[in-house]
Amino acid sequence: MPLLFKSYVFLGILVALVSSSCVNLKHIAEFSETSLEGIGQYEQLASSFHQRCEADCEQQSIRNLTIHDVTCNCTPDKKADSITTIIYKSISGYLFGLKTISASKLTRYQTQDLTDALTTGDFGPIKLNTDDVKAYSNISTVILRAFTDGYRRSKIKKYVSEAHEPLTQLVHFLRLNLAGNLNGKLEVQKSLLKNFYFDLVADEKLSVYERTKFAEDYFNSLKDIETKQEELKNFSKALESISEGHQVLYTHINNLTDDEVKTKLGALKNRWNSAMHTYFKTK
Amino acid sequence: MENLTSEQVKDLADNLLRMTNALGDFRYEHFQHLSEEENMRLKELHSQQLEFTTEVYTRAALLVMTDAKGSLEQINTITKETQRLYKNLNDVQKVLERASAVLTLASAIISLDTKGIANSINGLLM
């Protein structure tokens, strides 16, 4: 009986240890999940390099009044999309990995089946007391979890530290391609539209109705492009929050229970939510 | 001379766009004073420069692959390690489940429960 009492005390201490380790990893799991949601919006983006190339090509055909035998070489733009997607998938893959290994349920091992097999099984002359089996099974589960949680915590620290620089670089390159290069192509398209519509709107040989219609077309097309640019800008802000969130994890990697970490990640989550709210409003 | 980075090429494209738009603005602002021929020539030049600029943006996007190669390799290695860790931690649960199944089989053998033996073996094979 005293042995069982000691075991329960030991069990209590271990439960406390395991519970505190779960809280530490919860920040990481929440950060990864929120970041995954944010970066996942990449797949919903309304513009791509290939689409811009086709739109430019179409605009050129309209300018030249040609609809027959129109060929567009958009191969480099398709490749640019592939590169951007590879970067997006690599970031998502890492965040997904971080999420799965920091999920609290991962090391919540189920030993009920083992306990049942031990207590109800017929093992010949060996007779096991049901209460003892349950108590030792609980203790072994807690020890197992404390060990595996400690192990994965040290692994997570290693991964976050090693991944920080490449992740920051990849987020930077994803932003460079979307908010930099793709946005630049949209900016060029705006200039091409003005180049085309300017003479039509200014042409006094056309009726006022025709000129008004051309001006209307111009402003509608311009608005469409600006909506796409706004979408890229908001997505880029969400990417920046991911980078900043990872920086918080990296800086406080040895003290993840710190309230400061919790507060900083919470603030980033709010900023991300606000960026996403604006993002959905522009859609 | 070293190769240009994606960032440098993107900056070049931004500068090209600014210069090209200056040409466009000149045409829009002096439209009334330009001959039809001059206007058409400027319009064509502006359009050609814009087409060139958009190609430079694509080129910058393609160069990102060269610049990001090292980071991509590093992050993919870490991702594989996280997957391995996840599998190992999950394997502990599998070991527990298998231990239960073996115990059930042992119990069935000891009690000579033929139906139980068959069920346990099936469970282990699943």
Side-chain angles (χ1 to χ4, degrees), chain A residues 49 52-53 56 60 63 76-77 79-80 83-84 86-87 90-91 93-94 96-98 100-101 106-107 109-111 113-114 116-118 120-124 144 148 151-152 155 159 162-163 165-167 169-170 173 176-177 180-182 184-185 187-189 191-192 194-196 198-199 202, chain B residues 6-7 9-10 13-14 17 20-21 24 27-28 31-32 39-40 43 46-47 50-51 53-62 64-65 67-68 70-83 85-86 88-90 92-93 96-97 99-104 106-108 110-111 113:
Chain A
F49 285 91
R52 289 307 96 207
C53 174
D56 280 346
Q60 199 174 27
R63 229 172 21 238
D77 290 281
K79 205 173 165 192
I83 290 167
T84 315
I86 286 170
I87 297 173
S90 295
I91 300 172
Y94 165 70
F96 185 76
L98 200 58
T100 49
I101 58 170
L106 182 60
T107 49
Y109 299 113
Q110 297 300 316
T111 51
D113 288 348
L114 186 62
D116 290 347
L118 281 168
T120 58
D122 177 359
F123 303 105
L144 186 66
T148 48
Y151 176 67
R152 72 180 171 141
K155 282 281 183 189
Y159 297 150
E162 285 177 2
E165 202 186 320
L167 180 84
Q169 281 287 309
L170 291 178
F173 284 126
L176 179 69
N177 259 10
N181 294 320
L182 186 53
K185 283 179 85 74
E187 205 58 45
V188 170
Q189 217 159 32
S191 298
L192 276 167
K194 191 169 180 180
N195 174 285
F196 173 67
F198 179 82
D199 298 271
Chain B
S6 52
E7 196 113 27
V9 177
K10 187 252 170 196
D14 286 344
L17 183 59
T20 305
N21 279 342
R27 183 170 85 89
Y28 306 140
F31 176 70
Q32 302 288 351
N39 180 50
M40 287 315 285
K43 183 183 176 178
H46 184 212
S47 169
L50 287 170
E51 280 162 24
T53 307
T54 200
E55 271 183 47
V56 180
Y57 277 119
T58 303
R59 188 66 62 87
L62 293 173
V64 159
M65 190 61 185
D67 298 344
S71 301
L72 278 170
E73 280 167 3
Q74 279 175 280
I75 210 88
N76 289 337
T77 306
I78 294 164
T79 303
K80 276 182 196 149
E81 281 185 39
T82 62
Q83 286 165 347
L85 175 65
Y86 177 72
N88 288 345
L89 293 171
N90 260 335
V92 175
Q93 182 66 52
L96 287 170
E97 282 161 14
S100 313
V102 171
L103 274 175
T104 312
S107 171
I110 287 167
S111 57
D113 174 9

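- Here A/Ile83 is the residue among A/Ile83, A/Ile86, A/Leu98 with the most heavy-atom pairs under 4.5 Å with chain B.
- Both the backbone and the side chain of B/Glu7 come within less than 4.5 Å of a heavy atom of chain A.
- Minimum heavy-atom separation, A/Gly93 to B/Thr79: O-CG2, 3.4 Å.
- The OG1 atom of B/Thr58 sits 11.5 Å away from the CZ atom of A/Arg52 when rounded to the nearest 0.5 Å.
- Between chain B and the options A/Gly184, A/Gly180, A/Ala80, the largest number of non-hydrogen pairs under 4.5 Å is found for A/Gly184.
- In this view, A/Ser191 and B/Leu17, B/Asn21, B/Leu50 satisfy the side chain to side chain contact (heavy atoms under 4.5 Å, CB included) rule, not counting sequence neighbours.
- Contacts between B/Ala60 and chain A at a heavy-atom distance below 4.5 Å involve backbone atoms as well as side-chain atoms.
- Scored by the side chain to side chain donor-acceptor pair (under 3.5 Å) test, B/Thr54 finds A/Lys185 as partners (sequence neighbours excluded).
- Looking at heavy atoms from C-beta onward, B/Thr82 lies out of side-chain contact with A/Phe96 at the 4.5 angstrom threshold.
- Only the side chain of A/Gln60 comes within less than 4.5 Å of a heavy atom in chain B; its backbone stays farther off.
- Side-chain contact between A/Lys79 and B/Leu62 is present, with heavy atoms from C-beta onward closer than 4.5 Å.
- Few gaps surround CZ on A/Phe196; more than 12 heavy atoms of other groups in view lie less than 6.0 Å from it.
- Neither the backbone nor the side chain of B/Asp14 has a heavy atom closer than 4.5 Å to any heavy atom of chain A.
- Looking at A/Ile87, both its backbone and its side chain come within 4.5 Å of chain B, counting heavy atoms on both sides.
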inquiry  = Is there a side-chain contact (heavy atoms from CB on, under 4.5 Å) between A/Asp199 and B/Arg27? Walk through the geometry before answering.
reply    = CA-CA 10 Å; A/Asp199 298 271; B/Arg27 183 170 85 89; 2.9 Å; yes
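- Taking each heavy atom of B/Ser6 and A/Leu176 in turn, the nearest pair found is OG-CD2, 3.6 Å.
- Scanning both residues, B/Lys10 and A/Asn181, for their nearest heavy atoms gives CG-OD1, 2.9 Å.
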inquiry  = Is there a side chain to side chain donor-acceptor pair (under 3.5 Å) between B/Gln74 and A/Glu165? Walk through the geometry before answering.
reply    = CA-CA 9 Å; B/Gln74 279 175 280; A/Glu165 202 186 320; over 6 Å; no
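- Note on A/Phe198, A/Phe173, A/Tyr94: by heavy-atom pairs under 4.5 Å with chain B, the leading option is A/Phe198.
- Neither the backbone nor the side chain of B/Gln83 comes within less than 4.5 Å of any heavy atom of chain A.
- Side chain of B/Tyr28 to backbone of A/Asn195: a donor-acceptor contact under 3.5 angstrom is found.
- Annotation: maximal heavy-atom pairing with chain B below 4.5 Å, among A/Ile91, A/Asn177, A/Asp77, occurs at A/Asn177.
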